2 protein chains.
Amino acid sequence: MTEPAQARRIRLLIADDEHLIRGAMEALLGLEPDIEVVASADNGVTAAELAAATRPDICLLDLEMPQADGLEAAAKILAAVNTRVIIVTRHARPGVLRRALASKVSGFVPKSTPAQELAHVIRDVAAGKRYIDPDIAAAALTAERCPLTDRELDALRVSRSTTSVAQIAQAMHLAPGTVRNYLSSAMMKLNAASRHEAADRAWQQGWI
Amino acid sequence: MTEPAQARRIRLLIADDEHLIRGAMEALLGLEPDIEVVASADNGVTAAELAAATRPDICLLDLEMPQADGLEAAAKILAAVNTRVIIVTRHARPGVLRRALASKVSGFVPKSTPAQELAHVIRDVAAGKRYIDPDIAAAALTAERCPLTDRELDALRVSRSTTSVAQIAQAMHLAPGTVRNYLSSAMMKLNAASRHEAADRAWQQGWI
DNA sequence: TTAGGCCAATGACATTTGTCATGGCCCGAC
DNA sequence: GTCGGGCCATGACAAATGTCATTGGCCTAA
């Protein structure tokens, strides 16, 4: 072999909207001898563009980002580029992990992970393994599966950004009464006392 | 002088609830020759305890922390220890800056600050200066002053954590109708269509 | 084919909200 | 002093909200 082990470094893309954190991760991970940061973005859209342009081995995506969140970006990237995705998140809502895994994400870690361990995870994933933070996995497994129907989820989603039932109905092209029914049944299933509470709860669980 | 300039390093306390970020800041700032990280905490209460124990020159406090947030911790620390406080925050709500300055905080920066610049800020503050992020300052100055009365703010505060007016009324020891009036007038002043919207808006502005 | 689930809609209903008019209290201006 | 004006508090009223029962179309699995 003419090529030492060092020569084939892990090419890494980092996406996080907070400059301080992104910079810190770049600096700390760049310090590792076998990791090379080849791109960094502050939102999901440019992350996808840069991934297409630089074809990194691993993409480290923050879940909470403007324009396109980590999951949307992951979907776009994985469809276009042969790479692996690790999602980093602040609040690990159980349902999100389920959706992340469904879209072929390879790693899922909270921001409470020490940088040292994050480097380990990156190496593991680069080697073809998967890594899911044990706490998040446990939470996702103990968490009950979503009891809501598609339209109920839709209604809750829309209700998060609107005030009146009339607006929700208009946005969904439905009769107001129908919307109230969906919201009502969702509230019953989640035993919430108002649609806001229901929407909150569904969001906390990562269902919307 | 037998003591070189290097010998008197800036003693720094870091408090942030996210391990990844805290670790990154410790590592990056500790790399600076004139800065020494002497303590780190993951919540406001232990931050205050450590500040009392280690008496750092500068305390770098995240605004969003469990147990006690950055402002509460700052108040406790400044009352007990002769030190300076820099607040780091994710979402810079205008009103919070006002309150921070009222409690003698010396610096206020968003998490979008590059680490390099953060080091500058630390040095400036250590030298007795103040530093306020220009964007946040501008937002705080252009932001209208709170038009709400004390009771209205109380009602909004409580309404964030309760569902029904009846509960709010009980918590405030008022008749339900009175509470609805406060909420109503607050909604009018903030032209919101529901109390949740009003409470959200007031929170966004940093009034509660 | 039949039963069951989801979707969509409607009408009646009790409750909860938000709005409004009103009155007492205190304080500063004239 | 007394006259507004702001804040606090209340109850009455109309509108929006959530609940419930019911209907029908559609699709899927047994």
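Just so it is clear, the model here is predicted, and its values are computed rather than measured. Letters A, B, ... mirror the listed sequences (proteins, then strands); counts begin at 1. Note that these values count all heavy atoms, side chains included, but never hydrogens, waters or copies made by symmetry.
- Considering only side-chain N and O atoms, A:Arg151 lies nowhere under 4.0 angstrom from the phosphate OP1 or OP2 of C:dC6.
- A:Met187 comes within contact range of the sugar-phosphate backbone alone, with a heavy-atom separation under 4.0 Å but no base atom that close.
- Between A:Ser184 and D:dT19 there is a side-chain N or O to OP1 or OP2 distance below 4.0 Å.
- Note on A:Thr178: a side-chain N or O is less than 4.0 Å away from OP1 or OP2 of C:dA9.
- With 3.5 Å as the limit, one finds a donor-acceptor pair spanning the side chains of A:Ser185 and A:Glu152.
- Atom CG in A:Leu190 sits roughly 13 Å away from atom P in D:dG18 (whole-Å rounding).
- The residue B:Arg180 sits close to a base: some heavy atom pair falls under 4.0 Å.
- A salt bridge is absent between B:Glu18 and B:Arg22: the closest approach of a Lys/Arg side-chain nitrogen to an acidic carboxylate oxygen does not fall below 4.0 angstrom.
- Residue contacts shown for B:Thr163 are limited to sugar-phosphate atoms, with no base heavy atom under 4.0 Å away.
- Put simply, the side chain of A:Asp150 and the base of C:dC6 share no donor and acceptor less than 3.5 Å apart.
- For the pair B:His196 NE2 and D:dA16 C1', the computed distance is 14 Å after rounding to whole Å.
- For the pair B:Met188 CE and C:dA21 P, the computed distance is 10 Å after rounding to whole Å.
- Atom CG in A:Asn181 sits roughly 14 Å away from atom C1' in C:dC13 (whole-Å rounding).
- When the P atom of D:dT17 is taken as reference, atom CD of A:Glu197 falls 17 Å away, rounded to whole Å.
- Put simply, OH on A:Tyr182 is 16 Å from P on D:dT19, counting in whole angstrom units.
- A:Asp62 contributes no side-chain N or O that, together with a main-chain N or O of A:Met65, makes up a donor-acceptor pair within less than 3.5 Å.
- Salt bridge status for B:Asp34 with B:Arg123: present, with a side-chain N to carboxylate O gap under 4.0 Å.
- Between B:Lys76 and B:Glu72 no salt bridge is recorded (no basic side-chain N to carboxylate O distance below 4.0 Å).
- If you take CG of B:Asp154 and P of D:dA9, they are 10 Å apart, rounded to a whole angstrom.
- Look at A:Arg195 and you'll find a side-chain N or O under 4.0 angstrom from OP1 or OP2 of D:dG18.
- With rounding to whole Å, A:Lys189 atom NZ is found 16 Å from D:dG18 atom P.
- Within 4.0 Å of B:Leu183, counting heavy atoms only, lies no atom of the nucleic acid at all.
- Here D:dA9 is the nucleotide among D:dA9, C:dT17, C:dA9 with the atom lying nearest to any side-chain atom of B:Leu174.
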